[in-house]
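Fair warning: this is a prediction, and the values are worked out from it, not measured in the lab. Note on naming: letters A, B, ... go to the chains in the order of the sequence lines (proteins, then strands), and numbering restarts at 1 for each one.
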Amino acid sequence: MTIARPADFEAGSLQPEGWLRYFSFSLDHKVIGLQYLVCGFVFYLIGGALAGVIRTELSSPISDFVSRDVYNQILTLHGTVMIFLWIVPVVNGAFGNYLIPFYVGARDMAFPRLNAVAFWLIPPAGILLISSYFISGGAAQSGWTAYPPLSLTTPALGQVLWIVSVLLLGGSSIFGGINFIATILKLRRPGLKMMHLPMYCWAMLGTSLLVVLSTPVLAGTLILLSFDIVAHTGFFNPSMGGNVVVYQHLFWFYSHPAVYIMVLPAFGLVSEILPVHARKPLFGYTTMVYSIMGIVVLGLIVWAHHMFTSGTPPWMRLFFTIATSFIAVPTGIKFFNWLATLWGGRIALNSAMLFACAFIVNFVFGGITGIALAQVPFDIHVHDTYFVVAHFHYIVYGGTVFVIFSALYHWYPKFTGRLLNEDLGRLHFLLTFIGFNLCFAPQHWLGLNGMPRRVAEYDPSFTTWNQVSSVGALLMALSTVPLLINVILTAYRGQPAGDNPWRALTPEWLTSSPPPVENWVGEAPLVTHPYAYGTPEGQLDLTAASGSELWRASQR
Amino acid sequence: MGLVLAGLWIGQNVSLLPVDASANAPVYDDLFRVLFSIGTILFLGIVGLLVYSLVRFRRRAGELGDGLAIEGNLPLEIVWTAIPAIVVLFVGIYSYDIYERMGGMVPLHDHSSMHAAAEMASVADVVINTSEERIWGGIANAGIAEGAPQSPPLAVDVTAIQFAFLFHYPEGDFISGELHVPVGRPVQLRMKANDVIHAFWVPQFRLKQDVIPGQPTLLSFTATRPGSYPIVCAELCGPYHGGMRSTVVVHEDDAFEAWLASNRPAPVTVSAATATPFA
Amino acid sequence: MTPLTPETSTAAGAVALPSPNGAGHESSHDEGHADVRLFGLATFLIADGMTFAGFFAAYLTFRAVNPLPADSTYELELLLPTINTVLLLVSSVTFHRAGRRLLSGDGEAARLWLLVTGALGAAFLAGQMVEYFHLPFGLTDNLYASTFYALTGFHGLHVTLGVICILIVCWQARESGRISASNPFGLEAAELYWHFVDGIWVVLYGLLYLL
Ligand code: HEA
Ligand code: HEA
Ligand code: CUA
Ligand SMILES: [Cu+2]
């Protein structure tokens, strides 16, 4: 076995240098991935600042900090920015683009140009969305769900800009999805079978299927909605014979799958991170694959659980209750498999691991409240209250955002060749975890006791817990400070990581860090056992150069 | 075992809900306690397992090796497919039962929905049926207050507008900005919206129903505890959505009759304070 | 934190297998792998089909639950759309012919068939226009009128795009052009798209006119 030292292929000679290429129409999947990541992070700060406005307003029971219609604009922007410009682009676009080509052993995505187009749709769409706040009439103010007829009666320009922006982002997401499907199914290096792929590939395959099947429905719906606003048709306008509930069905046909679009990739990332830092194989690979596909199928047929009070017929409520509850089964398989992955490992409790484990805690909590919400009689009381707000922040923030942070600590050395500072990382973790729970746990109680969501003013008896929640949000805002310091300082003077600081076996680590332009200097390695940690020597498949073999080779 | 007991204890003894003031609220609270118990058990169990693993299997200084090379265990995986499946099946059936007891499965408004469906034969010749309005959804009366509903339900027409609820009492033909109901007698709210979607919610009744323009809905309940409780609009309906609140006053029977009587003479009594709660 | 020394860690990561040959890799992005463009297009068409599926579902729901107001009209003639349907179906056949001709090396015949297809498509669009002008209702008259125009209009946009693609392909397939028997991608892609648009029309015709 020949071993090439990094000196043989100094990164500098292969990769065009300079930060300017991150502002260019680059076709390199790694550059595009980082473009997604940084762009998404900027929007996270914007969305977080908007959340700051929300929490400031809500720290007193009267509407004093911003006016009521501005509050609704802020709320709409917050939801839209966080979902369409932060979570979806980052867990799909950023990590998907960076990692998938490595995992399938390709030098780039199937359609590099389409890939670049998909990314470059995002900044204009985001700028359009944010700038709509400054036009006369202001931004859309009907929530991220834009239910008609409210969205038909609020100032039209803002709502139309919102629609255009979401259409662009949806288009970007569809292009990305097509690219991922083609890359995973068609671009695998010879010899690499589907069941050899790291779990993140499966997660992205499932996610991309959902994107391709459901996002177009949202696009069509929003086109109809814009007709109602601009051309005065009456699809969703009851005063013209239209039907408002049809919009809700169509909207949730996309937006429920969208929640799995936001979380399946995160599941995939966790499946990559846990085995490495626990130094154990991923438990139950095959059942993991099936459960991803199970979630995809179930995810497409549960949408009406958002509409239990919308006058849907009883049989429909019953069906959607059952279908929704059953999502706990495939999801549960994944969680128990992760616990089993940790069991008996040699767990390194670094920042990446801390965030990943906190993800498990938060998500299980949010998932259990989700199962409760799926029960019609329960939901009838708490629908559209802070209980729901708490549920989904536990999942999107406690779940997905925690995973994004974890992934950042895990792959930062890959991106830059330097390790993030552990002390700052743990501080970041601690602040985030405490702030997060302080912010969102009390909201369950608020919802149960009568505080509806999307209000700028509330019953004074809820003041205390709202203030606690606001303090939690403040802690979360503070927690970004150590993160930012860490990320920026480390880029210049962090501890060099070497090429494979975690001794990981997945293929992205079997090259230099940061990787050369076309990922590998020679041919791509064939990794058939991406999680073969701890495999006894005798069981190695010697015909293939598996990851574990590489790992052993370097040990000698 | 201790875990299960702890979960059950917490589920039964921690109270997170406001007082119950309608016939279905105790039923709801039963469901809540069950869900809360199950949730607590699962959550504590999983977190306990996680924390235990993190402590027990943490990497100590200087350790370089790997963990055990376990890639899976089919029986184990079947077990943890089966457990959640059984749990959710149980929860699903149980909540169905609760829903039935709340009246959620009672066919709405007898004939009208059938009627409308039969007429859909062809788009071209469907004509709006003006004689009788279709009820699109909601919760009908059920025998929750067992034996009690001898008295016919009190019907109230609710109109939701930006940003107030108007309650029209057919008995006496007047409009009020507050909802007054007698204790122990079923009430049937027939709800309509004129502009955008609103939602009628009384937390103490554990009931909520969207009020949808173009699609009248129905909400039935029986109040059980005299007092006044907030009515909250729970669906974003514009800038003053947060101010769209009112009160439901549950009277003893004679007090209710007195209230009805005091309102009857005056043709329209909109209590100014509640009709414009955001003043 | 991993207690690894830098040496071990670099060694572990720097392995390039199976043939680490110091030299930079030459393959370019486009030749590096099999041609998956048709696959990508097919995936896109599935997505596009879902947009239509959403519209169809909305239309069917409207029909099932929203009665037409008493004083409004929504009447469709059958003759013209049926002719249009036949035109489109024939055009799928002619497009297929064009593809066959191209592959067998007869570029001229292929272009001819393409032009026939394009003409059929244009005729379809013309027929659609005629229908629009003779309908007794306008876009905003009522729910069904709006839905009718939205559905047929969205489909018409697809046909228009298809005709444009056909013209482009036709231009590229001329002698010494970019499309030939050895490089038929453009034509195959346009053909796939065209069949898709036809298929959608058949469903649309069934739902709007026949149901
Ligand atoms: C990433 C995003 C995400 C994810 C993954 C989920 C996951 C789930 N969600 Fe959530 N949800 C949202 C984001 C998400 N949700 C958002 C944004 C909203 C609000 C939208 C709006 O109105 O603005 C919402 C709203 C929402 C509602 C509507 C509430 C209402 O408006 O009235 C419901 C109702 O059923 C629901 C249910 C569920 C369920 C059952 C799951 C399940 O997938 C959870 C499954 C997971 C588990 C159960 C935990 C792990 C399992 C085990 C450990 C096994 C053992 C467990 C049991 C046996 C119970 N969600
Ligand atoms: C998908 C991801 C996501 C994420 C990550 C978040 C993150 C947060 N959300 Fe979000 N939220 C939604 C999605 C998300 N939210 C959605 C979909 C809705 C529903 C909208 C609707 O109803 O239509 C919602 C609604 C919502 C509400 C309900 C409002 C209402 O109903 O009236 C609240 C209230 O507390 C809230 C709070 C927060 C807080 C405190 C955070 C915090 O976690 C944020 C922490 C981050 C920061 C605080 C950033 C820190 C950085 C700075 C402060 C730097 C300064 C900035 C610059 C220099 C530019 N959110
Ligand atoms: Cu009415 Cu909110
Ligand atoms: Cu959902």
Can you tell which part of A:Ile360 gets under 4.5 Å to a heavy atom of chain B, answering side chain, backbone, both or neither?
side chain
List the steps and the verdict of side-chain contact (heavy atoms from CB on, under 4.5 Å) for B:Asp195 and A:Thr153.
CA-CA 9 Å; B:Asp195 34 44; A:Thr153 59; over 6 Å; no
Relative to chain B, which segment of A:Met307 carries a heavy atom at a distance below 4.5 Å: side chain, backbone, both, or neither?
neither
Side chain, backbone, both or neither: which part of A:Val70 has a non-hydrogen atom closer than 4.5 Å to chain B?
neither
Given heavy-atom pairs under 4.5 angstrom as the criterion, report whether the side chain, backbone, both or neither of A:Asn72 touches chain B.
side chain
Toward chain B: residues of residues 234-242 of chain A with heavy atoms under 4.5 Å:
A:Pro238
B:Arg56: salt bridge (charged side-chain N to carboxylate O under 4.0 Å, His left out) partners, not counting sequence neighbours
none
Against chain B, label A:His277 side chain, backbone, both or neither, depending on which of its atoms sit under 4.5 Å from a heavy atom there.
backbone
Hey, what's the ring geometry for B:Phe32 with A:Phe378, parallel, tilted or perpendicular (30° and 60° as the breaks)?
parallel
Which bit of A:Pro275 is near chain B, if near means a heavy-atom gap under 4.5 Å: side chain, backbone, both or neither?
neither
Of all pairs that satisfy side chain to side chain donor-acceptor pair (under 3.5 Å), the ones with a partner from residues 79-94 of chain B, not counting sequence neighbours
A:Asn337-B:Trp80
B:Glu235 and side chain to side chain contact (heavy atoms under 4.5 Å, CB included): which single residue from A:Asp384, A:Leu150, A:Thr309 fits?
A:Asp384
Qualifying residues under salt bridge (charged side-chain N to carboxylate O under 4.0 Å, His left out), relative to A:Asp379, sequence neighbours excluded:
none
At a 4.5 Å cut-off on heavy atoms, which part of A:Thr154 comes close to chain B: side chain, backbone, both, or neither?
neither
Interface moiety of A:Ile347 toward chain B, non-hydrogen atoms closer than 4.5 Å
both
